[in-house]
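Fair warning: this is a prediction, and the values are worked out from it, not measured in the lab. These values consider heavy atoms only, across backbone and side chains, with no hydrogens, waters or symmetry-generated copies.
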Amino acid sequence: MAGTLAEKVWDAHLVRRGSDGAPDLLYIDLHLIHEVTSPQAFEGLRLAGRTVRRPDLTIATEDHNTPTLDIDQPIADLTSRTQIDTLRNNAAEFGIRIHSLGDADQGIVHQVGPQLGLTMPGLTVVCGDSHTSTHGAFGGLAFGIGTSEVEHVMATQTLPLAPFKTMAITVNGELPPGATSKDIILAIIAKIGTGGGQGFVLEYRGDAIRRLSMEARMTICNMSIEAGARAGMIAPDETTFEYLKGRPHAPEGADWDAAVEYWKTLRSDDDATFDEEVVLEAADLEPYVTWGTNPGQGLPLSANVPVPEEIADENDRVTAENAIRYMGLTPGAPLRDIAIDTVFIGSCTNGRIEDLRSVAKVVRGKKKADSLRVLVVPASARVRLQAEAEGLDQIFLDFGAEWRNAGCSMCLGMNPDQLAPGERSASTSNRNFEGRQGKGGRTHLVSPLVAAATALRGTLSSLADLDLPDDVDITSFDGSPLAPLDPAVTLQV
Amino acid sequence: MEKFTTHTGVGVPLRRSNVDTDQIIPAVYLKRVTRTGFEDALFAAWRGDESFVLNQPAYSSGTVLVAGPDFGTGSSREHAVWALKDYGFRVVLASRFADIFRGNSGKQGLLAGQVAQEDIELLWKVLENRPGTQVTVDLEQRTATADDVTVRFHVDDYTRWRLMEGLDDIGLTLQHEDDITAFESSRASWRPKTLPAKHLPPVDIEAARPV
Ligand code: SF4
């Protein structure tokens, strides 16, 4: 029978088919762990006298709480330190590999898996973090789970899972200059809504997706969850194989050949049926920004803040009114006039080397607007090292930005990197919820290119607002793998 | 896990849609490493506002939350469920839930019942007109009753069975340990392993610096 990519991966992991309404039991290939959602799972294991079944399919890193300054000092915030210490102790007790602060492979968990070559096509990947959908960019089923599921995977290396529906999202054509994969996904969420993907696994396809680099694909899959979806995925192709080849944990020799042969079968059959289909034309897209307090409240940068009175649906109108009030905006005012206090470049959505390169290309040799601060936070220590090897750090410093150590940072403000009440950010992260980046903080989600242009001008801007010399090609990246590919490199701090 | 058949308690009308998990429990509370004691964190940002529904004496001892659509969106934090449970809630009713939140609820013995939006409006009316009204939730019948209003809610059969039996997930799965072992023996050799990690010589790199 013809199948979708998601169904193929699902079927390949079936330990036991559920009957009488019981869910299927699926095998989990890779379990990623971080300090926030794991302590209670370990506590649960201990209480029940259980162990981790497969430490060799499990890996831990520290990201949500880690400071981005003074990483050689003890962590000042006591609770943050407790969580991190707890993770380190648990990893030692249960024999789990951990990449701690100061290690080259410390960083946001969704960067660590791919950069080590642990994330591959056809895998089931889980993590106690909703943005686990990122890993679906490689053509596996990857999704966020809650802490009791974390405990379940630790104890059994499986998960009971209810079936999902499938949605094909086809993005045809070619992106116009200045628009990026971030704009694709913001446009998709604005179109289908924050609940539109609920119960679905989204498969992104079409020319525009095929043209994207691995990292750009990760940005799209990363935000699938913001459309409410269970997961997002993209069928693997040469771009995927190219990215993986030579990474520390990528298969080698005969294993590589066998893997690639299998990976090539991982695509939805031509006659496979999806429960829903959505089509977008990439050529119609422009840089998107969010104006409200959920990621579905996004518009092209050239638009104006919505006028609630013009919204017919009552719930939508009230939601828009609340959002506009919280965000301190004027209905009908051009989005381009919104002045920004902080530009945050980072997170598992857009904190990778290509993102940093694209920003550096725009801001090289320039000075940021005086009215704002700019924070650049690489997704992992290794991304940081790569950027420094390429001299990007110096470009950012000359520009007037702060260059930080790796972690989630201002994406959720669990460490000291937060917005002050009322402060407004243009952020390359994925969530603009009330208070997400600090109590009372206001977030506009943007692409790295919009972040860069905004940092130059002080108000929400795109490349079209800048006088860029023609030789600045912001659409092409060399996409070279991160070097050195060395999991044991330790940072000297 | 405690068995759940019926429950009666004060209903709390939460007239908001898209209540995401950051609203249910702000990120700053996620730093704790325990499994209990999150009652103070529930809706923390709103609890400072006197007019917030849980700050009104009639509702403060509520155990049945009646919320707007798309409840529990956003981050997968299970703390959202712990906070609701630690506060005393046993049931949340809404017309739509985020998948992960719904999954987390079922595992923790919090009933997330899906109710048509018109029926949510009916419940809101009763609970707002007569603050402190008790709601009786019958999992067997899948009904919720407040005064003269009875509405049906949806919960999938499996979750319902588990809630009614008070069954723990891991124990259920470990009944099939032979199947898991058999599956493991047939996995392809190219599938990644995190251990042993590959070791290469260290390099010296300075720490990143702010301006
Ligand atoms: S960067 Fe943000 S979204 Fe990504 S894992 Fe960290 S907190 Fe979550």
**Q** Given heavy-atom pairs under 4.5 angstrom as the criterion, report whether the side chain, backbone, both or neither of B:Arg16 touches chain A.
**A**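 When you check distances to chain A, no heavy atom of B:Arg16 falls under 4.5 Å.
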**Q** In terms of heavy-atom pairs under 4.5 Å with chain A, which of B:Val81, B:Asp20, B:Thr159 leads?
**A**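 Top option by heavy-atom pairs under 4.5 Å: B:Asp20.
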**Q** So, do B:Val12 and B:Val66 sit near enough that their side-chain heavy atoms are less than 4.5 Å apart?
**A**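 No; the side chains remain at least 4.5 Å from each other.
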**Q** For the interface with chain B, which of A:Ala162, A:Pro251, A:Ser148 has the highest count of heavy-atom pairs at distances below 4.5 Å?
**A**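 Top count of heavy-atom pairs under 4.5 Å with chain B: A:Ser148.
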**Q** Counting heavy-atom pairs under 4.5 Å to chain B, which of A:Met414, A:His131, A:Glu43 comes out on top?
**A**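 Most heavy-atom pairs under 4.5 Å with chain B: A:Met414.
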**Q** Quick check on B:Ser186 against chain A: is it the side chain, the backbone, both or neither that has a heavy atom closer than 4.5 Å?
**A**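 For B:Ser186, no heavy atom lies under 4.5 Å from chain A.
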**Q** Can a salt bridge be assigned to the pair B:Asp178 and A:Arg16 using a cut-off of 4.0 Å between side-chain N and carboxylate O?
**A**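 Salt bridge: no.
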**Q** With rounding to the nearest 0.5 Å, note down the distance linking CD1 in A:Ile96 to CG in B:Leu195.
**A**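 Rounded to the nearest 0.5 Å, the CD1-CG separation comes to 9.0 Å.
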**Q** So what's closer than 4.5 Å to chain A heavy atoms on B:Asn18: side chain, backbone, both or neither?
**A**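 The answer is the side chain of B:Asn18.
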**Q** Quick one: of B:His79, B:Gln23, B:Glu184, who has the most non-hydrogen atom pairs under 4.5 Å with chain A?
**A**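 Highest number of pairs under 4.5 Å: B:Glu184.
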**Q** Side chains of B:Arg142 and B:Arg160, heavy atoms from C-beta outward: is any pair under 4.5 Å?
**A**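 B:Arg142 vs B:Arg160: side chains touch.
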**Q** Name the region of A:Glu35, side chain, backbone, both or neither, that has any atom closer than 4.5 Å to a heavy atom of chain B.
**A**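 When you check distances to chain B, no heavy atom of A:Glu35 falls under 4.5 Å.
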**Q** Where on A:Leu30 is there a heavy atom nearer than 4.5 Å to chain B: the side chain, the backbone, both, or neither?
**A**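 Just the side chain, heavy atoms under 4.5 Å.
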**Q** After noting the C-alpha distance and the side-chain angles of B:Thr194 and A:Leu57, does the key distance pass the side chain to side chain contact (heavy atoms under 4.5 Å, CB included) rule?
**A** CA-CA 6 Å; B:Thr194 57; A:Leu57 303 182; 5.6 Å; no
**Q** Check the angle between the aromatic planes of B:Trp161 and B:Tyr158 and answer parallel, tilted or perpendicular using the 30° and 60° thresholds.
**A**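 If you compare the ring of B:Trp161 with that of B:Tyr158, the planes turn out tilted.
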**Q** Go through the steps for A:Ile225 and A:Arg431 under the test side chain to side chain contact (heavy atoms under 4.5 Å, CB included), then give the verdict.
**A** CA-CA 10 Å; A:Ile225 184 72; A:Arg431 287 199 170 139; 4.0 Å; yes
**Q** Does any heavy atom of chain B fall under 4.5 Å from the side chain of A:His64, the backbone, both, or neither of them?
**A**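 Contact with chain B: none, neither part.
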**Q** Minimum heavy-atom separation for B:Glu128 and B:Pro131, please, with both atom names.
**A**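 Between these two residues, the closest heavy atoms are O-CD, 3.6 Å.
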**Q** Could you tell me the separation between the OG1 atom of B:Thr6 and the CZ atom of B:Arg90, rounded to the nearest 0.5 Å?
**A**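 Here the interatomic distance stands at 10.0 Å.
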**Q** So what's closer than 4.5 Å to chain B heavy atoms on A:Thr158: side chain, backbone, both or neither?
**A**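 A:Thr158 touches chain B through side-chain heavy atoms alone.
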**Q** Name the option with the most non-hydrogen atom pairs under 4.5 Å to chain B; the candidates are A:Thr319, A:Asp255, A:Leu375.
**A**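 Of A:Thr319, A:Asp255, A:Leu375, A:Asp255 has the most heavy-atom pairs under 4.5 Å with chain B.
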**Q** Checking side chain to side chain contact (heavy atoms under 4.5 Å, CB included) between B:Phe153 and each of B:Leu139, B:Val91, B:Asp119, which is the one that passes?
**A**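 With B:Phe153 as partner, side chain to side chain contact (heavy atoms under 4.5 Å, CB included) holds for just one option, B:Leu139.
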**Q** Between the side chains of B:Glu121 and B:Arg15, is the shortest nitrogen-to-carboxylate-oxygen separation below 4.0 Å, so that they form an ion pair?
**A**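 Yes, this pair counts.
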**Q** Report which part of A:Thr58 has an atom under 4.5 Å of a heavy atom belonging to chain B: side chain, backbone, both, or neither.
**A**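 Backbone of A:Thr58 only, per the 4.5 Å heavy-atom cut-off to chain B.
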**Q** Applying side chain to side chain contact (heavy atoms under 4.5 Å, CB included), run through B:Ser51 and B:Trp46 and close with a yes or a no.
**A** CA-CA 9 Å; B:Ser51 64; B:Trp46 296 336; over 6 Å; no
**Q** Can you say whether A:Asp77 sits under 4.5 Å from chain B via the side chain, the backbone, both, or neither, judging by heavy atoms?
**A**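 Looking at A:Asp77, just its side chain touches chain B.
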**Q** Side chains of B:Ile24 and B:Leu84, heavy atoms from C-beta outward: is any pair under 4.5 Å?
**A**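 Heavy-atom side-chain distance check passes, below 4.5 Å.
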**Q** I'd like to check A:Thr132 versus A:Phe143 (side-chain heavy atoms, cut-off strictly below 4.5 Å). Are they in contact?
**A**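 In short, these two side chains do not touch, never coming nearer than 4.5 Å.
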**Q** At a heavy-atom separation under 4.5 Å, does A:Pro55 approach chain B through its side chain, its backbone, both, or neither?
**A**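 Contact with chain B involves both backbone and side-chain atoms of A:Pro55.
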**Q** So, do B:Ile170 and A:Arg50 sit near enough that their side-chain heavy atoms are less than 4.5 Å apart?
**A**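 In short, these two side chains touch, coming nearer than 4.5 Å.
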**Q** So, do B:Tyr87 and B:Trp82 sit near enough that their side-chain heavy atoms are less than 4.5 Å apart?
**A**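 When only atoms from C-beta onward are counted, B:Trp82 and B:Tyr87 do not touch, as no gap falls below 4.5 Å.
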**Q** Any donor-acceptor pair under 3.5 Å linking the side-chain atoms of A:Arg247 with those of A:His249?
**A**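 No, because no side-chain N or O of A:His249 sits under 3.5 Å from a partner of the opposite role on A:Arg247.
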**Q** If you tally heavy-atom pairs under 4.5 Å against chain B, which of A:Asp29, A:Thr86, A:Asn315, A:Val376 wins?
**A**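 Of the candidates given, the most pairs with chain B belong to A:Asp29.
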**Q** So what's closer than 4.5 Å to chain A heavy atoms on B:Asp169: side chain, backbone, both or neither?
**A**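 Both parts, heavy atoms under 4.5 Å.
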**Q** Flag the pair A:Arg373 and A:Glu402 as a salt bridge only when some basic side-chain nitrogen lies within less than 4.0 angstrom of an acidic carboxylate oxygen.
**A**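 Salt bridge: no.
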**Q** In terms of side-chain geometry, is the basic nitrogen of B:Asp22 or B:Arg77 positioned less than 4.0 Å from the acidic oxygen of its partner?
**A**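 B:Arg77 and B:Asp22: salt-bridged.
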**Q** Write out, in numerical order, the residues from residues 98-112 of chain B with a heavy atom short of 4.5 Å from a heavy atom in chain A.
**A**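 Under the 4.5 Å heavy-atom cut-off, B:Asp99, B:Ile100, B:Arg102, B:Asn104, B:Lys107, B:Gln108 qualify.
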**Q** Checking B:Ser189 against chain A: side chain, backbone, both or neither under 4.5 Å from a heavy atom?
**A**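 Both backbone and side chain of B:Ser189 come within 4.5 Å of chain A.
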**Q** Identify the residues of residues 32-43 of chain B whose heavy atoms come closer than 4.5 Å to a heavy atom of chain A, ordered by number, or report 'none'.
**A**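 Within residues 32-43 of chain B, near chain A: B:Arg32, B:Val33, B:Thr34, B:Arg35, B:Phe38.
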**Q** Would A:Asp257 and A:Val260 count as a side chain to side chain contact (heavy atoms under 4.5 Å, CB included) here? Give the steps.
**A** CA-CA 5 Å; A:Asp257 298 337; A:Val260 171; 5.9 Å; no
**Q** Pick one of side chain, backbone, both or neither for A:Thr194, based on which atoms fall under 4.5 Å of a heavy atom in chain B.
**A**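 Contact with chain B: side chain only.
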**Q** Among A:Gln157, A:Arg230, A:Arg436, who wins on heavy-atom pairs under 4.5 Å with chain B?
**A**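 That would be A:Arg436.
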**Q** Looking only at heavy atoms and a cut-off of under 4.5 Å, which of A:Ile84, A:Leu123, A:Thr82 has the most pairs with chain B?
**A**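 With the most close heavy-atom pairs to chain B, the winner is A:Leu123.
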**Q** Between B:Gly171, B:Pro69, B:Gly74, B:Ala45, which shows the greatest number of heavy-atom pairs under 4.5 Å with chain A?
**A**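 The option with the most such pairs is B:Gly74.
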**Q** Name the region of A:Tyr262, side chain, backbone, both or neither, that has any atom closer than 4.5 Å to a heavy atom of chain B.
**A**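 Side chain of A:Tyr262 only, per the 4.5 Å heavy-atom cut-off to chain B.
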